[in-house]
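Working notes, structure below.
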Amino acid sequence: MAGSAFVARRTDSETVSECADNTVVGMLQGIHQKVTNIEAVLGQVEKPSPPPKRHGIDIVLGAQWGDEGKGKLVDMLSQTYDVCARVAGGSNAGHTIVVDGVKYKFHLLPSGILNKEAICIIGNGVVVHLPSFLQELKGLEKTGIDHKGRVFLSDRAHLVFDFHQAVDGALEQRLGRNKIGTTKKGIGPAYASKISRNGVRVGDLKDWDYFEQRFRALAEHHMRSFEGLEVDIEAELAFYKSIADVIGSMTVDTIDLTNKKYLEGKKILVEGANATMLDIDFGTYPYVTSSNPSVGSVLTGLGVSPRKLRAIYGTVKAYCTRVGEGPFPTELDTNIGIGQHLAQVGAEFGTTTGRARRCGWLDIPQLKYSVAINGFTSLNLTKVDVLTGLPEVKVGKGYKYRGEYLTTMPASLAQLKDVQVEFESMPGWSEDITTCKTFDELPLNCQKYILRIEELCGVPIRWIGVGPNRLDVIDRGEKFEIED
């Protein structure tokens with residue numbers, strides 16, 4: 001009897017539960033209807049807008065061996081920024097930008113100078129050859145660019161002198177066939193003076209007696225150290241005295257200036273020079289530059305804290321190039337076949353030196369290494385159009401050394417030189433992409449190539465370069481950025 005009552009109660013519970021569910025649903029539907037009626041009377045309730053992007057310093061860096069096309073992205077972005085800055089290197093960097101048929105070549109100045117509303121900062125981490133700097137300013141004046149009151153030199157930035165350049169060339173010549181491939185712009189010797197603590201800084205020009213004392217000591221040190229080097233000290237001092245007032249008018253405490261602009265809510269863009277694989281610490285040492293072109297230089301070369309950084313944009317060619325000596329795992333022969341295609345169609349000649357660039361397939365292990373160091377929030381993939389017409393395209397997907405896969409870029413150049421690259425092939429495309437304005441307009445095989453790069457390196461590609469002109473870039477929007 002108790003058993004039958006239990007069974008009956010279960011049946012009743014199921015019925016009651018079903019009625020209760022119906023009652024709850026009915027109540028919710030009634031509430032929804034009432035809210036709808038209220039909205040109809042008062043007007044549609046606006047949905048909360050997404051939170052604004054965090055204020056911070058944005059950075060454009062080279063993710064390979066340089067010459068990736070950073071200047072083009074900086075030129076696009078800088079039109080909406082208040083401050084554009086350089087933080088490392090010197091006149092060994094080179095960006096070429098064409099605007100309305102006029103070609104601008106930048107070596108020391110941030111290319112953001114073309115935005116007449118922006119100020120440009122050359123940070124304390126840069127080494128400055130003042131004759132070249134002044135010549136670059138005069139070149140801008142000839143093209144109608146007004147830079148007065150918009151260029152600021154750090155008083156802490158070290159100076160590159162002509163004798164630094166002479167020493168740079170002499171040291172390279174001594175190396176013979178083991179040469180590094182320096183630009184001979186005196187960058188390495190200037191940084192050597194800085195680290196040796198006998199260098200001369202931009203701000204020293206404001207105290208002539210002190211500048212003269214430091215210059216004489218440095219010049220004499222170099223003449224003692226390098227046999228045959230001659231420096232006309234009096235002539236050099238006369239030149240620097242003649243430009244002291246001009247340089248002094250542009251010399252400020254850029255650490256203070258930058259941080260004040262940040263606190264004022266100004267938009268700040270850092271224009272990286274060179275690239276991660278030329279970094280003195282992370283690159284293919286000794287075939288590197290003498291500074292840190294990776295993200296760390298923004299902190300040490302501009303004087304800002306890590307908490308002030310926001311977006312970090314890595315610039316990557318759709319293939320690989322490098323100028324100068326050193327290992328290059330995916331390198332192709334530029335005299336024949338695909339290597340020749342990349343070199344000729346891509347017009348691969350250095351902006352600063354005019355030297356022919358070495359060319360090869362995109363190197364994914366190298367790119368992942370760069371991603372790990374810099375923490376890119378999105379990528380700018382350039383020169384995709386250069387691959388048009390190739391029956392197949394490849395990426396170097398992995399490194400093997402003595403039969404075992406490597407998980408990172410080896411520090412040993414002997415090991416890197418002997419790695420076996422594992423390639424992945426994909427069908428190419430023949431359609432012209434230079435008129436494409438959206439990702440969906442690209443040929444399907446081109447889309448697959450780009451998506452595969454994203455998949456392999458783990459970073460979204462926001463910008464896609466589809467042609468040589470200033471506006472030949474597809475911007476996929478901010479949704480293709482990694483948020484904090």
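No experiment lies behind these values; they were computed from the predicted model shown.
- A donor-acceptor contact under 3.5 angstrom links the side chains of T434 and D432, judged on distance only.
- Distance check, rounded to the nearest 0.5 Å: CG of L442 to CD1 of I474 gives 4.0 Å.
- Taking both residues in full, the closest heavy atoms of P110 and I121 are given as CG-O, 4.0 Å, listed atom of the first, atom of the second, then distance.
- Environment of CD in E141: crowded, with over 12 heavy atoms of neighbouring residues, nucleotides or ligands closer than 6.0 Å.
- The existence of a salt bridge linking E136 and R86 is excluded, since no basic side-chain nitrogen approaches an acidic carboxylate oxygen closer than 4.0 Å.
- Using bins of under 30°, 30° to 60° and over 60° for the plane-to-plane angle, the ring pair W429/Y449 lands in the tilted bin.
- With hydrogens and angles disregarded, no donor-acceptor distance shorter than 3.5 Å links the side chain of D204 to the backbone of F211.
- Side-chain atoms of H158 and S193 form no donor-acceptor pair, as typed in the model, at a separation below 3.5 Å.
- Among D253, T251, N124, the one residue that satisfies the side chain to side chain donor-acceptor pair (under 3.5 Å) test with R156 is D253.
- Looking at V60 and E271, their side chains never come closer than 4.5 Å, going by heavy atoms from C-beta outward.
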Original post:
Can L416 and M409 be said to form a side chain to side chain contact (heavy atoms under 4.5 Å, CB included), step by step?
Top reply: CA-CA 7 Å; L416 185 59; M409 293 285 291; 4.1 Å; yes
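- Between C457 atom SG and I364 atom CD1 the span is 6.0 Å, to the nearest 0.5 Å.
- Between H147 and L109, the closest side-chain pair of non-hydrogen atoms is not below 4.5 Å.
- Residues Y287 and L413 meet the side-chain proximity criterion, which asks for heavy atoms closer than 4.5 Å.
- One finds a salt bridge joining D475 and R462 here, because a Lys/Arg side-chain nitrogen approaches an Asp/Glu carboxylate oxygen to under 4.0 Å.
- Within a 6.0 Å sphere centred on CG of L263, heavy atoms belonging to other residues, nucleotides or ligands number more than 12.
- P189 approaches V167 most closely through the heavy-atom pair CG-CG1, 4.1 Å.
- Side-chain contact between V270 and Y81 is absent, with no heavy-atom pair separated by less than 4.5 Å.
- Judged purely by atom type and a 3.5 angstrom limit, T143 uses its side chain to pair as donor or acceptor with the backbone of L140.
- Closest heavy-atom contact between S297 and A88: CB-CB, 4.0 Å.
- Without hydrogens or angle criteria, N115 side chain to E117 main chain gives a donor-acceptor distance under 3.5 Å.
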**OP:** Quick one: do N445 and K448 satisfy side chain to side chain contact (heavy atoms under 4.5 Å, CB included)? Show the steps, please.
**Re:** CA-CA 5 Å; N445 286 344; K448 289 180 178 178; 4.2 Å; yes
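- Nearest heavy-atom pair across A166 and L229 is CB-CD1, 3.9 Å.
- Side chains of L342 and T334 form no contact here, defined as non-hydrogen atoms less than 4.5 Å apart.
- A donor-acceptor contact shorter than 3.5 Å is absent between the side chain of R357 and the backbone of A343.
- For the pair Y262/H55, a side-chain contact is recorded, criterion being any heavy-atom separation below 4.5 Å from C-beta on.
- A heavy-atom distance below 4.5 Å is not found between the side chains of V231 and H222.
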**OP:** Just do the side chain to side chain contact (heavy atoms under 4.5 Å, CB included) check on Y285 and I280 with the steps written out, would you?
**Re:** CA-CA 7 Å; Y285 187 89; I280 188 71; 3.8 Å; yes
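- For K368, the NZ atom sits in a loose shell: 12 or fewer heavy atoms of surrounding residues, nucleotides or ligands are nearer than 6.0 Å.
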**OP:** Assess whether side-chain hydrogen bond (donor to acceptor under 3.5 Å, both in side chains) is satisfied between K72 and N380, documenting all intermediate values.
**Re:** CA-CA 10 Å; K72 192 172 181 179; N380 168 35; over 6 Å; no
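- Aromatic ring orientation, Y240 versus F161: perpendicular (interplanar angle above 60°, classes split at 30° and 60°).
- Nearest approach of P327 to W65, heavy atoms of both residues: O-CZ2, 3.9 Å.
- Side chain of R358 to main chain of V323: no donor-acceptor pair is present (N/O by atom type, distance under 3.5 Å, no hydrogens or angles).
- Panel note: side chain S370, backbone L367; no donor-acceptor pair is recorded below 3.5 Å.
- For the 3.5 Å distance criterion, the side chains of T276 and N374 qualify, holding a donor opposite an acceptor.
- At a threshold of 4.0 Å, the pair D82-K267 does not count as salt-bridged, since none of the basic side-chain nitrogens sits closer than that to a carboxylate oxygen.
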**OP:** Show your working on side chain to side chain contact (heavy atoms under 4.5 Å, CB included) between S378 and F480 and close with a plain yes or no.
**Re:** CA-CA 7 Å; S378 62; F480 287 92; 5.7 Å; no
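- Using a cutoff of 4.0 Å between basic side-chain nitrogens and carboxylate oxygens, R452 and E455 are scored as salt-bridged.
- Considering OG1 of T284 and CD of E325, their distance stands at 11.0 Å, rounded to 0.5 Å.
- Using modelled atom types, no side-chain atom of T315 and backbone atom of K70 make a donor-acceptor pair closer than 3.5 Å.
- Without hydrogens or angle criteria, D75 side chain to G71 main chain gives no donor-acceptor distance under 3.5 Å.
- At distances below 3.5 Å, not a single donor-acceptor pair connects side-chain atoms of Q79 with backbone N or O atoms of L114.
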**OP:** Please step through salt bridge (charged side-chain N to carboxylate O under 4.0 Å, His left out) for the pair D67 and R322, ending with a clear verdict.
**Re:** CA-CA 8 Å; D67 306 305; R322 79 170 295 175; over 6 Å; no
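- In plain terms, the two heavy atoms of P460 and I482 that are nearest each other are CD-CG1, 3.6 Å.
- Side-chain atoms of D162 and H129, non-hydrogen and from C-beta on, do get closer than 4.5 Å to each other.
- With rounding to the nearest 0.5 angstrom, the CG atom of L379 is 5.5 Å from the CD1 atom of I461.
- To the nearest 0.5 angstrom, Y313 atom OH is 8.5 Å from L269 atom CG.
- Interatomic distance, SG of C84 versus CD1 of I122, reported as 12.0 Å (0.5 Å rounding).
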